[in-house]
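Naming: A, B, ... by sequence-line order, numbering from 1 per chain. Remember, it's a predicted structure, so these values are computed and weren't measured experimentally.
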Number of protein chains: 2
Amino acid sequence: MVEDVHVRPGGRSARVRASVHRAVEELVGAESADTLTIPAVAARAGVHPTTVYRRWGSVSQLLADVATSRFSGDVVVPDTGSLAGDLERWMGDVATDLADPDVLALMRATIGSGPEGGCACTVDRHEQLGAIIERERARGGAAPDVERAVDLLLGPLYYRAVFSSRPASSQWARGLVASLLADRAPSL
Amino acid sequence: MVEDVHVRPGGRSARVRASVHRAVEELVGAESADTLTIPAVAARAGVHPTTVYRRWGSVSQLLADVATSRFSGDVVVPDTGSLAGDLERWMGDVATDLADPDVLALMRATIGSGPEGGCACTVDRHEQLGAIIERERARGGAAPDVERAVDLLLGPLYYRAVFSSRPASSQWARGLVASLLADRAPSL
DNA sequence: AAATTATCGCACTGATCGTTGCGTTAGGCT
DNA sequence: AGCCTAACGCAACGATCAGTGCGATAATTT
């Protein structure tokens, strides 16, 4: 237990972190996966490699940190008045995000960095989806369970993003909502 | 055009390729992604690093080759007499394959190696699914189109494999077939 | 069986990675 | 404003990666 150690996350530390994160996002989008190294990130961020080694330890840990930061944030879920409207709006936004080549590059690099890589990319999306479904329930409406919604909405969307060479359109993504809402198969 | 160059894929070349592929599969399953390097693979395979550099060039290209080889093969699709039966059997097999930690590790490494990494992992599954659907059509039955089947069957399955820390059960995977066959939403 | 030459291994070299000790800078507390 | 010390940078070093020229092995053809 190191509760008497006082970290200093302000000022220079915060600037270092921001520039390192930006450097990672720029490098994964611009170059081959093989070239993402700590010295390359440090050079691009304008900091010393030792600083990056000491702070993050390895490319895997750095990518997990960047992905967690990039793929999360304040939950801004739409409120159109209906579950279908909310989900369609949200799916369109997620699809637009996943159509960005730089976002996809960061995601691939993070997945490749280890077993927890994929989770780091989607944890926030699960929370957002849960919030949408919770709101519909609060409105008194019937809503599928979150797990089923993740499977039938995020499943096909992220599959196309990672496993195919053609990104999904927002229109196609919104169309998945109809499948989910029509889904009557037992959820195992 | 190098049509007068005669490659020699037999004997020692074939043995080198097999041992390098096996080394890659063993290493991605046992160690961190950062440690998959050409010298490490060569040492494990019992060949010289130069051989691997000259044959495959980079870790990315090596992974693509290994994944394409590992995730493809003769299409053995089940024939239970009904589309539901065929799909349930096939989905159970795919889920069992994806529950293997070593398979998942190879898949993550291949995804992380570049934009075509994901495709290398699933191209054969698409062909198998197409064959199942084509057979149902040949039987005179109605079948969903392949794209929709990929979205609603492989989408959730591969999503869980890559983006969650809990692997899908064969039973759950088979349950997706009911969703697909009940799907009446317009396919965009 | 012999010839041709693709493929592999060895030795070597330059480049890069990854870590450590220690001094400098500056965040946060009093 | 001053103090304490976390965080950063620098220099150095050992380890490893990545690539090349050339000889050895062996796949394939004749």
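Put simply, NE2 on B:H48 is 16 Å from P on D:dG21, counting in whole angstrom units. Atom OH of B:Y53 is separated from atom C1' of C:dC12 by 15 Å (rounded to the nearest Å). In this entry the distance linking NE2 of B:H6 with C1' of D:dA26 reads 17 Å, nearest Å. Going from atom CH2 of A:W56 over to atom P of C:dC17 covers 17 Å, rounded to whole Å. Put simply, CG on B:D34 is 10 Å from P on C:dT19, counting in whole angstrom units.
Distances shorter than 4.0 Å separate some side-chain N or O of B:R55 from OP1 or OP2 on C:dC8.
Residue-to-nucleotide proximity on DNA chain D shows that, of B:I38 and A:T51, the 5′-proximal contact is made by A:T51. For the pair B:A40 and B:R8, both in contact range of DNA chain D, the more 5′-proximal nearest nucleotide belongs to B:A40. Between A:T50 and A:T37, the residue whose closest nucleotide on DNA chain C is further toward the 5' end is A:T37.
Residues B:Y158 and B:C121 come closest through the heavy atom pair OH-O, 4.2 Å.
Proximity of B:R55 to B:V52: side-chain heavy atoms (C-beta onward) are nowhere separated by under 4.5 Å. Within the 4.5 Å cutoff, no side-chain heavy atoms of A:L104 are placed close to those of A:V162.
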Do B:V41 and B:W56 pass the side-chain contact (heavy atoms from CB on, under 4.5 Å) test, and can you show the C-alpha distance, the side-chain angles, and the key distance before you say yes or no? CA-CA 12 Å; B:V41 169; B:W56 285 276; over 6 Å; no

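Of the candidates D:dC17, C:dT4, C:dT20, the closest approach to any side-chain atom of B:P39 belongs to D:dC17. Taking only side-chain atoms of A:P9, from C-beta outward, the nucleotide of D:dG19, C:dG9, C:dG28 with the closest atom is C:dG28. For A:R54, counting side-chain heavy atoms from C-beta on, the closest listed nucleotide (D:dA7, C:dT20, D:dC22) is C:dT20.
Because its NZ or CZ atom is not both nearer than 6.0 Å to the ring centre of A:W90 and within 45° of the ring axis, A:R174 does not count as a cation-pi partner of that residue.
Taking a 4.0 Å limit (strictly below) on heavy-atom distances, residues 10-23 of chain A reaches DNA chain D at A:R12, A:S13, A:V16.
In this structure, B:D97 pairs ionically with B:R125, as a charged nitrogen and a carboxylate oxygen lie closer than 4.0 Å.
Atom CE of A:M107 is separated from atom CG of A:D102 by 12.0 Å, given to the nearest 0.5 angstrom.
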